[in-house]
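Just so you know, residue 1 is the first one in the sequence shown, and it goes up from there.
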Amino acid sequence: MKLLIFILIILAFQTGCIAEESTYDLILKGKKCEEGSNQQLDCSYKIGKDFWLSVAGVGIPDAGVTFMKSDFNGEYYGTYGVLHGCVIVKPGTKNKTINPVDFAFVSPKNGKVYKDWQSCQAGY
């Protein structure tokens, strides 16, 4: 009987872990893009109340990246990777994620969200 209870507890814990959404999934859900009258594409990326990123002019040489909200001490925050040219969305100190290196990468070059910096840099 004790073994059965132990197995049920383990299965319940694993189900909870599997159901947890990654930073990548959440940033994709919070992505909204609009095309203006001059055909400029502007995208916004939000997760909860702690992270909001805006990219004005996706794909153009002078695209603007603005951190509207980024809280290191909150659920999520953002940084910029000079080498690959992508915004890195990371779990903040209040985030209870199981994987502390659960990042997402946003490309100002094409507006896409990636799971790793190499893909983001390559832009495919």
Give the cluster check for [X] versus [Y]: same hydrophobic cluster or not, with ILVMFWY residues linked at side-chain heavy-atom distances below 4.5 Å.
X      : Y      : value
Val106 : Leu41  : yes
Leu53  : Leu26  : yes
Leu83  : Ile88  : yes
Phe103 : Val113 : no
Leu28  : Val55  : yes

- line: Scanning both residues in full, the closest heavy-atom pair of Gly85 with Pro108 reads O-CD, 3.3 Å

- prompt: Where is the tightest heavy-atom contact between His84 and Phe105, given as atom of each residue plus distance?
  reply: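 That closest heavy-atom pairing would be CE1-CD2, 4.2 Å.
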
To the nearest 0.5 Å, what is the distance between [atom1] ([X]) and [atom2] ([Y])?
X      : Y      : atom1 : atom2 : result
Lys109 : Gln121 : NZ    : CD    : 6.0 Å
Lys32  : Ser54  : NZ    : OG    : 13.5 Å
Ile27  : Glu21  : CD1   : CD    : 12.0 Å
Trp117 : Cys86  : CH2   : SG    : 9.5 Å
Asp25  : Asp102 : CG    : CG    : 8.5 Å
Cys33  : Asp42  : SG    : CG    : 8.5 Å

field: Cation-pi, Tyr24 ring and Lys115 (6.0 angstrom, 45 degrees)
entry: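 Here Lys115 passes the 6.0 Å and 45° test against Tyr24.
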
task: With sequence neighbours excluded, tell me which residues meet ring-ring contact (aromatic ring centres under 6.0 Å, His included) with Trp52.
output: none

query: Taking C-beta and beyond as the side chain, do Thr79 and Lys90 meet within less than 4.5 Å on heavy atoms?
result: yes

message: So Ile47 and Val89, do their side chains get closer than 4.5 Å, heavy atoms only?
response: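 Yes; the side chains approach each other to less than 4.5 Å.
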
Using residues 59-76 as the side-chain source, report each donor-acceptor pair under 3.5 Å to any protein atom, sequence neighbours left out, with the distance given to one decimal.
residue : atom : partner : partner atom : Å
Ser70   : OG   : Gly78   : N            : 2.8
Asp71   : OD1  : Asn73   : N            : 3.0
Asp71   : OD1  : Gly74   : N            : 3.4
Tyr76   : OH   : Asn95   : ND2          : 3.2

- request: Taking atom CD of Gln118 as the centre, report whether more than 12 heavy atoms of other residues, nucleotides or ligands fall under 6.0 Å from it.
  value: yes

query: In chain order, what residues pass the side chain to side chain donor-acceptor pair (under 3.5 Å) check against Tyr45, with sequence neighbours excluded?
result: none

